[in-house]
Amino acid sequence: MSILHRFGARCIALIERLESVPVGLWGWLFGMSAVVVLRNFLEGLSQRALNILDADNAMFFPHAWAFYVVAFLGIILILRFLTGERIVRVSTFVLFLAPIILLPPLFDLAVTGGAGGVIGYIDPAVTLHSAGNIIGAVVDFSLWGPFGLLFPMGGVPDDSAIRMNFGIRIEVMLLFAALAWYLYIKTRNAARVILGVVMLYAGLFTLATFPHVVTEPFGVSVYALFAGSLVVNTAFRGANTVLFGCLFALLVALGLLWFRANDRRTFAAVWKNIRLSRLVIGNFGMLTAGLIIGISSSSSPLTPDIFDHLLVLFAYASVLFGWIWAVARNDLADERGDRISESFRPLPSGALTRNDMRETGRLALFVSLVAAFLAGFHFFLLRIVWMCIAYLYSEPPFRLKRFPLLSNVVLAGAYCITMVAGYVLVARNNIFDFPSGIACLMLVSLPLLMEFKNIKDYEGDRADGVITIPVLFGLERGKRVIAGFGVLAFLLLPFVYPARFAQLFLVGSALALWYVYAVTVKPYREWRVFLVLSAGILIAAWLGIIGS
Amino acid sequence: MNKQHIALIITLIFTALFVKNIIMNALSWRGVMQPERTMLLQF
């Protein structure tokens, strides 16, 4: 027993030392990415026949990168869940296990001299179309499969039949042995070790059979990956690209869980700072309106498949994370003014530090750009334009938000871009075919309508030297001027669609009166104005549908 | 036997199975050369 005790003490000391190394978020990401790139280059050498290193297979590298980051994030979350250890310490420990993934191609090169064993995804024992089949496949995989605890000795089937070479099996078993010991040392609890092994097997099964997991439960064959998206982005096809997309979605979800586990209060503060009404109306609303216009103006019926749905989800994610980035940059630039009129915001209140803000912004920007790229080239292009507008709007030296009305035109441009981005999510739609009446309404009426948002910021803007209509005219007179702009904007409706002049004149007048009430009634509440604007947007979208 | 012993035994069983697999996998190095190869991602 004393040898075991000494071994145990050594393990504890080693884990303690590894866990305490200061790595940091970027150190972890870059360290992990470096190991993964190296692994895949070596795999390219050891698997010469697969042409991994050819330009045609360039997407293999992003695919494999996402695969390993998801795998290690999954391991970290499982260990954190079972041990309750701080997730930063768990992550650091797991990072030091990462070089194990270099072993398979090295073994392979040493033993086969470059001919290569087989590395690839596994076919599950049965099709994964029902819960019973999935459980059966997981059990088979964990016990008698190539990674199984009871994988039969002797009579090893040849590697090409099980799709997994010896190197990969050694890699996985080494990882599992290390992780089982980590769980034991941290918890000294049998149930947790068993649960940990079960969870690791579930995760391994998910990743090892990933192409089947993302297709068969949804009722399509695994070969649907080759066709990919048919409606949203026809370039989103082929195994490497589509699997990268699916893994990236998983990566973002696990990444969010990681940040939540790391610091619940900071995580909550970022979400609380999201300006829900502006996100829903100015971003999701615009995107949805554009998408509805895009779908309804398509000449032939659309038959979206599961990957089209995934890409639409990516489009919304891109807008969401782009918005989080924009809010973070805007808060950093506005900190002084917010101290006066918006002291509840995370920077003045101390809920988030400037560094938190910057890091959040960077990560959100990265996610937003990748998600946009997957959703299609034109969508990506429009998102970049949107980001440029957002940048010029809030960052010095331009900081266009300082100028009354011009700032609104800039914002309206951003909204319009988001709407057109929704429109081109139907891949056959062309930017130039976007209904010009709606674009005109967006670029002329919306700037007039948007001045209301400065009513709320009156005190801070005045202190910060931001010139807005309320600052220029004083709060009460300013409100009346803003109401006047609104009336003008709503009365423009019938002129854009002269074919329905009478009806639109009535609707526009009603909306104008409602708007005047919402702006001038006391006490002032911003949501009242948003309500009017939502009604206006719905009508504009409806016009787009019947207009096309 | 207390709970810690049970935990240790179970972890040892897992480790033994994992190590058995590592050794077995290492032994299967012989005969890895295959003329016919399955393409990666062909699934």
Side-chain angles (χ1 to χ4, degrees), chain A residues 4 8 43 47 49-50 52 57 60 63 107-108 111-112 115-123 146-151 153-154 156 158-161 163 165-170 172-174 176-177 180-181 183-184 187-194 197 209 211-212 222-223 225 239-240 243, chain B:
Chain A
L4 270 178
E43 191 169 318
Q47 308 263 302
L50 304 186
I52 288 172
N57 292 327
F60 174 76
H63 163 201
F107 286 158
D108 218 14
V111 174
T112 69
V118 176
I119 302 179
Y121 290 109
I122 290 181
D123 289 328
F147 296 109
L149 288 168
L150 307 172
F151 187 49
M153 272 285 206
V156 179
D158 74 58
D159 285 334
S160 62
R163 297 272 178 84
N165 76 4
F166 58 92
I168 303 279
R169 301 204 299 267
I170 293 172
V172 167
M173 289 302 154
L174 277 176
F176 274 30
W181 267 95
L183 282 173
Y184 170 71
T187 63
R188 312 267 164 175
N189 180 318
R192 284 179 192 234
V193 175
I194 295 178
V197 171
T209 61
H212 299 265
V222 72
Y223 295 100
L225 288 174
N240 279 323
L243 290 175
Chain B
M1 273 229 319
N2 60 22
K3 269 174 80 180
Q4 261 207 42
H5 286 113
I6 301 172
L8 183 60
I9 289 165
I10 287 174
T11 314
L12 280 172
I13 292 172
F14 277 132
T15 312
L17 285 169
F18 290 143
V19 170
K20 177 218 82 176
N21 278 359
I22 294 168
I23 294 167
M24 198 188 68
N25 288 329
L27 288 178
S28 75
W29 289 6
R30 289 165 300 158
V32 286
M33 305 282 281
Q34 270 119 34
E36 259 184 68
R37 313 207 36 260
T38 324
M39 291 297 283
L40 177 72
L41 304 176
Q42 183 192 331
F43 33 83

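In the text below, chain A, chain B and the rest are named by the order of the sequence lines, each starting its count at 1.
One finds the CG atom of B:Asn21 at 15.0 Å from the CZ atom of A:Phe166 (value rounded to the nearest 0.5 Å). Summarising the geometry, atom CZ belonging to A:Arg188 is positioned 13.5 Å from atom NZ belonging to B:Lys3; distances are rounded to the nearest 0.5 Å. The CG atom of A:Leu183 lies 12.5 Å from the CD1 atom of B:Ile10; values are rounded to the nearest 0.5 Å.
The side chain to side chain donor-acceptor pair (under 3.5 Å) check on A:Thr187 picks up nothing, with sequence neighbours excluded. Taking the ring-ring contact (aromatic ring centres under 6.0 Å, His included) definition, one finds that A:Phe176 meets it with A:Tyr201, B:Phe18, sequence neighbours left out.
Here the shortest heavy-atom pairing between B:Ala7 and A:Ala190 reads CB-N, 3.4 Å. Of all non-hydrogen atoms in A:Ala177 and B:Thr15, the two that sit nearest each other are CB-CG2, 4.5 Å. Minimum heavy-atom separation, B:Ile22 to A:Met173: CG1-CB, 3.3 Å.
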**Prompt:** Under the side-chain contact (heavy atoms from CB on, under 4.5 Å) criterion, do A:Trp181 and B:Leu12 qualify, and how do the steps go?
**Reply:** CA-CA 9 Å; A:Trp181 267 95; B:Leu12 280 172; 3.9 Å; yes

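Put simply, the side chain of A:Leu149 reaches to within 4.5 Å of the side chain of B:Phe14, judged on heavy atoms.
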